[in-house]
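None of the values given here were measured: they were computed from a predicted structure. Every chain is numbered from 1, with letters handed out A, B, ... down the list of sequences.
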Amino acid sequence: MDGTAATYNPQAIEVKWQERWAADGTYQVDNDDPRPPYYVLCMYPYPSGPAHQGHVRNYTFGDLLVRKATMQGYGVLSPLGFDSFGLPAENAAIRTGTHPRTFTDARIEELKASLRRLGAVYDWRREIRSHDPEYMRWNQVIFERFLEAGLAYRKKAPVNWCPGCQTVLANEQVLPDGTCERSGDLVVKRDLEQWFFKITDYADELLAALDDLEWPERVKTMQRNWIGRSEGAEFELRVAGAGPETTVRVYTTRPDTSFGMTFVVLAPEHPLVDQITTPDRRDEVAAFVERVAGETDIERQSTDPGLDKRGVFTGAYAVNPFNGAEVPIYLADYVLMTYGTGAIMAVPGQDQRDWEFATQYDLPIIRTVQPPPDWTGEAYLGDGPVINSAWLNGIPDVRAAKVAAIDWLEAQGIGRRKVNYRLRDWLVSRQRFWGCPIPVVYCPVHNIVPVPEDQLPVVAPDDVEFRPTGESPLRYNAEFLNTTCPICGGPAERETDTMDTFVDSSWYFLRFCDPWTPGVPFSQEAAEHWMPVDQYIGGIEHAILHLLYARFYTRALADLGFAPKHLREPFERLFTQGMIRMGGSKMSKSKGNLIAPAKYYETVGADSLRLFHLFVGPPTDDFDWSEQTDEVIDGMHRFLGRVWRLAAGSGERLHLVDRPFTPTDEEVEKGAHRLIDRVSRDFDRWSYNTAVAACMEFVNDIYRYAQSEEGGRTETAAFAVDTLLKLMAPMTPHITAELWELRHGAGTTVHNQPWPVADPEMVRVDTETLVVQVNGKLRDRITVAADVDEAGATAAALASPKVQEQLAGRPPRRVVARPPRLVNIVV
RNA sequence: GCCCGGGUGGUGGAAUGGUAGACACGGUGGACUCAAAAUCCAUUGCUCGCAAGGGCGUGCGGGUUCGACUCCCGCCCCGGGCACCA
């Protein structure tokens, strides 16, 4: 053997193969590729600099699938791009004066280089950067079509406003104590006119279609809860002493409990508050409203600090239409203007939060559902017959009572059946510079006017000043701000808000299918060919927002004629990986706990790092990076060294001979088939850690075989090693490629070998270990034929001397036989 | 607070109602070496015992079952998301 084959040197071989894959375009795929299509996609990253271990893990999983599907004969679409708009680049611009584009492009190059060095392969001809003007053009065209179709609209919505900075803050910029991270001022809520996308139009479909997706149940559950469909009723209550036009509309999921309403609660932002509050209550109500304005929704809905001072009486009363009773109207922080009608009827008998509120404010409690006799709790949420409810009394269950109550409301003309969603429309306006401009102008005559398509994309000017106030520089750039109305040519102002970056990530996977056809964001044919994504891979932190927005966008684009009409779901299968944590918190640049992969590339190599991420635990689990982690990574390098010495034939005491086939050789070949079976099934169930463990066991077995007295048979060993290299190729692509070339000659590559298939005859085992228990305790292990029946297994178990000793002459009361695995003898 | 996960040796984890701890990391002992590195071998849940062998053991408390890490109920602890971080 020559010097290069003698020792494993990852630095020498990894870059060589990476350059070859790039130069040969091995993993580029054309849209007319004749192989069956398969689309593997990892969530495109925000470019924050060189890859961190979270990226390494994510892209290792994706790359494994790309390479395996390629070996299986698919034409695999494996694109990547960059989610390149966002707050960090803007903050860096303010800090350093560097334009966000310069900053971002530099970060992208760093990230790309470190992913290349990992050996992850992509069709880079399809790369997308969300700040690319071509991508922005289509983002803006789509926005204008949304506007045309009524899917985009403007309304007022509260934002975080910092009085010191005179600007809008992201939630992230508001510290836990409610102050601005920059100035320390107390952040307040302020209403601004903002753009929304009507995702609620699709609420029903987004909910119903979840059932058929091959997604993790937990993600589907989170989306279901997020959409939060509820069925109930909406009805009007007159305000006592006011005219008939002054009514409070409430939404309830429990119209059957209306006779138990003992008060009404409005959100502090409710438009009726000023009108109905009595003069003697004004000061207290105003103070309360102001205080709640400073709270987040999470604080408002928390019941943690107790319920004191969480509500205030307005002095007004509402009339319960069911029985004419006058009940007091309160304000409470836990009622949100954004859900339902912003007003609720409170029924403390059947709602625990209402119960606590009623107790706090000495309000009456009336039960309208009969709790079971042994009920000791407070509010009763369960089923039961209606009580204390006049004409509803005696209805045996909640479901029937709801129907009766709603029928009555509709007959009286004061209310109706109503399906409600927790899901709110998507607020897409961002008061930032580094985002895709919203392509409209405001004309004093023609109001909102979209920028004509031939003038797109609207791109922010470069000569702006980044001020440390956090204010978008667009507001102060006269050249950008002042324009003319596309309709009348008169003076007009541009929209200075940009789009939420989730807009960019809501359709990039469609653009990847075809970033080339002029005149369209992507061609229908290409989308037809590749979509939906066969396997989407990303972090669990995107379980709700990104995935829901992408599902909405795909439907909207199909309905607007951009995508094929029948394309509803973008991601056929979803896999969500766990996070890499360090010291208990998520790895992130801001926490300064990133571990760059570069140092591993320079020492143990990319293959060892990839193998580590596959081996360390189930891909869905979080992983805590610790001081011991480097030792585990070193262990992967040692294992690959063993593989190298075995496959390159440079291992000590390897003893291979040409000789006739023996039963020992047959066992080794069977072992290889069992490995194929195990690794293939483990890959299919995302159990990479056990697949790696199986390969390690196999390598140990082959070493024992090749180092034994009688030695290994050359052909058998060659079959075993070649099988191993093929199975490991998707996990550790460089070392397996190099070894394959070494064994089979220049120009050959393991990566175009067909994925091995196990022969079922060779996988079958002849004998099994029968576990014998007495009263559930393990007492013996017996080797039995794999096809042993119940009687045979029982007989073998009873014949065991150890079992006889335990029984001590007692007759078995019962024998549970589960051949060929187990017999349990109960005495 | 609400929604969603998780808890197994010193450590990462394995075990789809049937042998708890596969495979690794670390530790201990040994071989090779002048020495070290590398490599290789043995051993390694806790505990009693010279040994054979026994007992205990999957966050805590109950339950279902011949049998529970696994299923059910009630707790405790840790993590993720909560709509302007992406």
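Partners of A:Arg218 under the salt bridge (Lys or Arg N to Asp or Glu O under 4.0 Å) rule, at least two apart in sequence or in another chain, do not exist in this structure. Residues that satisfy the salt bridge (Lys or Arg N to Asp or Glu O under 4.0 Å) test with A:Arg674, not counting sequence neighbours, are A:Glu667. Scanning for side chain to side chain contact (heavy atoms under 4.5 Å, CB included) contacts around A:Asp622 gives A:Met579, A:Arg581, with sequence neighbours left out.
Checking B:C46 for Watson-Crick or G-U wobble geometry (two distances, each under 3.5 Å) identifies B:G55 as its partner. As the counterpart of B:C71, B:G63 is assigned, both hydrogen-bonding distances of the Watson-Crick or G-U wobble pattern falling under 3.5 Å.
In this structure, a donor-acceptor pair under 3.5 Å is present between the side chains of A:Ser800 and A:Asp780. No donor-acceptor contact under 3.5 angstrom links the side chains of A:Thr60 and A:His613, judged on distance only. For the residue pair A:Gln194 and A:Gln431, a side-chain donor N or O sits within less than 3.5 Å of a side-chain acceptor on the partner. Looking at A:Asp630 and A:Tyr600, their side chains do bring a donor and an acceptor atom within 3.5 Å of each other.
Stacking of A:Arg642 on the aromatic ring of A:Tyr703 is recorded, both the 6.0 Å distance cut-off and the 45° axial limit being met.
Considering only side-chain N and O atoms, A:Asn689 lies nowhere under 4.0 angstrom from the phosphate OP1 or OP2 of B:C23. Taking 4.0 angstrom as the limit, A:Arg424 places none of its side-chain polar atoms (N or O) nearer than this to OP1 or OP2 of B:A83. Close to B:G53, at under 4.0 Å from its OP1 or OP2, lies no side-chain N or O of A:Arg779. Contact annotation: A:Thr221 side-chain N/O to B:C4 OP1/OP2 distance is not under 4.0 Å. Remark: A:Arg821 is not in phosphate contact with B:G18, judged by side-chain N or O atoms under 4.0 Å from OP1 or OP2.
The same atom, P, is picked in B:A52 and in B:G5; the two are 47 Å apart, to the nearest Å. B:G12 and B:G59 are spaced 13 Å apart, taking the P atom of each and rounding to whole Å. On the P atoms, B:C23 is 12 Å away from B:U43, given to the nearest whole Å. For B:C78 and B:C72, the P atoms lie 24 Å apart once the distance is rounded to whole Å. Rounded to whole Å, the P atom of B:A15 lies 12 Å from the corresponding atom of B:A22.
Residues from residues 613-622 of chain A with heavy atoms under 4.0 angstrom of RNA chain B, sorted by number: A:Phe615, A:Val616, A:Pro618, A:Asp622.
Nucleic acid contact class of A:Asn775 (heavy atoms, under 4.0 Å, all strands): none. Within 4.0 Å (heavy atoms only), A:Gly86 reaches sugar-phosphate atoms of the nucleic acid but no base atom. A:Ser429 comes within 4.0 angstrom of a base, heavy atoms only. Nucleic acid contact for A:Val816: base, since at least one base atom lies under 4.0 Å from a heavy atom of the residue. Among the atoms of the strands shown, none is found under 4.0 Å from any heavy atom of A:Met43. Looking at heavy-atom distances under 4.0 Å, A:Phe502 makes contact with a base.
Side-chain N/O atoms of A:Asn225 and base N/O atoms of B:C3 include no donor-acceptor pair closer than 3.5 Å. No hydrogens or angles were tested; on distance alone, a donor-acceptor pair under 3.5 Å links the side chain of A:Gln194 to the base of B:C84. No hydrogens or angles were tested; on distance alone, a donor-acceptor pair under 3.5 Å links the side chain of A:Arg818 to the base of B:G18. Between the side chain of A:Arg432 and the base of B:C84, a donor-acceptor pair under 3.5 Å is found. The base of B:C66 has none of its N or O atoms less than 3.5 Å from a complementary donor or acceptor on the side chain of A:Gln773.
In this structure, A:Leu778 places its CG atom 15 Å from C1' of B:C66, rounding to the nearest Å. Spacing between atom CD1 of A:Ile825 and atom C1' of B:G18 amounts to 14 Å, rounded to whole angstrom units. In this structure, A:Leu547 atom CG and B:A83 atom C1' are separated by 14 Å, rounded to whole Å. At whole-Å resolution of the value, CG in A:Asp630 and P in B:G12 are 16 Å apart. We find that NZ of A:Lys777 is positioned 18 Å from P of B:C66, with the value rounded to whole Å. Atoms CG (A:Leu210) and P (B:C4) sit 14 Å apart, rounded to a whole Å. The separation between A:Glu356 atom CD and B:C2 atom C1' is 14 Å, rounded to whole Å. Whole-Å rounding puts the A:Leu207 CG to B:C3 P distance at 17 Å.
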Between A:Trp426 and A:Phe196, is a ring pair (Phe, Tyr, Trp, His ring centres under 6.0 Å) present by the stated rule, with each step listed? CA-CA 5 Å; A:Trp426 174 13; A:Phe196 286 82; over 10 Å; no
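Of all non-hydrogen atoms in A:Cys695 and A:Val679, the two that sit nearest each other are SG-CG2, 4.0 Å. Closest heavy-atom contact between A:Val604 and A:His637: O-CD2, 3.4 Å.
Ion pair A:Glu217/A:Lys220 flagged as a salt bridge, since at least one NZ, NE, NH1 or NH2 atom sits closer than 4.0 Å to an Asp/Glu carboxylate oxygen. Ion pair A:Asp684/A:Arg681 not flagged as a salt bridge, since none of the NZ, NE, NH1 or NH2 atoms sits closer than 4.0 Å to an Asp/Glu carboxylate oxygen.
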Considering only nitrogen or oxygen atoms on both sides, find all protein atoms under 3.5 Å from nucleotides 15-17 of chain B and state each distance.
from: B:A15; atom 1: OP1; to: A:Arg685; atom 2: NH2; distance (Å): 3.2

Please write out the pairs of protein N or O atoms and N or O atoms of nucleotides 37-46 of chain B separated by less than 3.5 Å, giving the distance to one decimal.
from: B:C40; atom 1: OP1; to: A:Arg642; atom 2: NH1; distance (Å): 2.5

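Among A:Tyr135, A:Phe502, A:Phe552, the single residue meeting the ring-ring contact (aromatic ring centres under 6.0 Å, His included) criterion with A:Trp507 is A:Tyr135.
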